[in-house]
2 protein chains.
Amino acid sequence: MTMQTVSLNTSYGGTQGVYRHASRETRTDMTFSVYVPPHADGSRLPVVWYLSGLTCTHANVTEKGEFRSACAALGLIFVAPDTSPRGEGVPGDPANAYDFGLGAGFYVDATREPFARNYRMWSYVTEELPKLVAENFPVDPNRQSILGHSMGGHGALTVALRHPDRYRAASAFSPIVAPSQVPWGIKALGGYLGDNKQAWRKHDAVALIEDGARLSDLLVDYGDADQFLTEQLRPELLQGACEKAKIPLTLRRQPGYDHSYYFISTFMADHLRWHAERLKG
Amino acid sequence: MTMQTVSLNTSYGGTQGVYRHASRETRTDMTFSVYVPPHADGSRLPVVWYLSGLTCTHANVTEKGEFRSACAALGLIFVAPDTSPRGEGVPGDPANAYDFGLGAGFYVDATREPFARNYRMWSYVTEELPKLVAENFPVDPNRQSILGHSMGGHGALTVALRHPDRYRAASAFSPIVAPSQVPWGIKALGGYLGDNKQAWRKHDAVALIEDGARLSDLLVDYGDADQFLTEQLRPELLQGACEKAKIPLTLRRQPGYDHSYYFISTFMADHLRWHAERLKG
């Protein structure tokens, strides 16, 4: 698999890169970013995957996420994929809404037409991109973790729950925890997967936990001034599922914070330290 | 003077605000951002002014500057103005170049037509905006400092050199130190001020130092991979002027860094700590 370098910038002693490649899964070019911290030649480093929210590309967290300082100090590689296929011929939301189609892949492999051809974000972020990254960057495949924001928090939780042996840690900012039960998720899962709600359960963190998936522990932050909190995010549903399943969940309600990168950046270093603890040795 | 709030976001325990007001100087609406760190009610805080570079608005540093973490820890207010007037009827570069007109006010009061009516960025950043900020935020007018990037580094140095009693500290990332001697500056100072090069000297840090202006000390960082280094920035001219004038200059050549916010954000906390030291008590 080949990729081309879009940009390289020295930052905090390491290198922030942006790369593009022709994706086999999405049948489009895909762009992603990788930060490699300062490190000794030949060493293999733990890698943290970051999945972004609705409307975002790799660029939002890369520019506004304030992760490089902590990644440089902790020796973490940080990878940020896009949130959907893009480009000529890729179908979007029929009404051009922000919450479906372009920028809103929801980390599923679509089975419904006309989306099934390109919307393969599940396979892209769990199979194709990890292989490409492993081939091109000094990652230690035994030390991987994942986090995400909002729709990407949904992605991070579902990916981690279905790959307990691959990701040593998972955390989220303001995640959509039960897409089957909230408007954003019902629209997206219905649109990409069709009406069979059984198929939705593999893309719903709360349903996965109810169906037996487990994580060793979990860190979730949300802001109590988040405009999407009560209708779309509903952290209490994750709390209930984790309690029942005895999954240790650290759920923090951050006073005054909203859904933006001003919130994410504030707690990013905190999350990365939590990940680094679990990626040791 | 009145202003309207464009947005408020909690970040690092403080508040990142964006504001708009009708400027008397530029005869346009002007937008700026202010970060207020967590603080006790009624306390007055030191304030750091940040002047941005070519093409930027307040938004670039506000989104990519990574200053809030350090400002919260050090108790600093951080103010970021725009770099030019904007809006209907404001003349720009005749050829739509990025280095003159909109986004390129160069922190001067233009005397040449058609720019004299709106391009009053010197008076805006040194008089009008400080008054507005003092009226609306808990700033301590006796503890102010200034920094900037590129064209904004030029702005920070010239503003500090001409107000030695107002700003206790000045620093810069990749500043244009001698605009009278480099293409960007010759175009801008000629375009805004006309051909009388005597008038340029008050907007040229090296010339101001030659003419007797002084600073108690100065911190300047630049990247050795900066594409503008040898033609536009020429830090050696500042070094020569400071040596002659016995101004203590800490001039740091940062290996591998370019002209971008990936560079600025890396050293932002460092600069803010340096400012905070000088803003004590």
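Numbered from 1 within each chain, the chains take letters A, B, ... in sequence-line order.
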key: Heavy-atom contact with chain A under 4.5 Å, split by part of B:Y12   = both

request  = Against chain A, label B:D258 side chain, backbone, both or neither, depending on which of its atoms sit under 4.5 Å from a heavy atom there.
outcome  = side chain

ask   = For A:T15, is it the side chain, the backbone, both, or neither that has a heavy atom closer than 4.5 Å to a heavy atom of chain B?
value = neither

query = Quick one: which residues of residues 57-69 of chain A reach chain B at under 4.5 angstrom, heavy atoms only?
reply = A:T62, A:E63, A:K64, A:E66, A:R68

note = Between the OG1 atom in B:T10 and the OH atom in A:Y262, the distance rounded to the nearest 0.5 Å is 12.0 Å

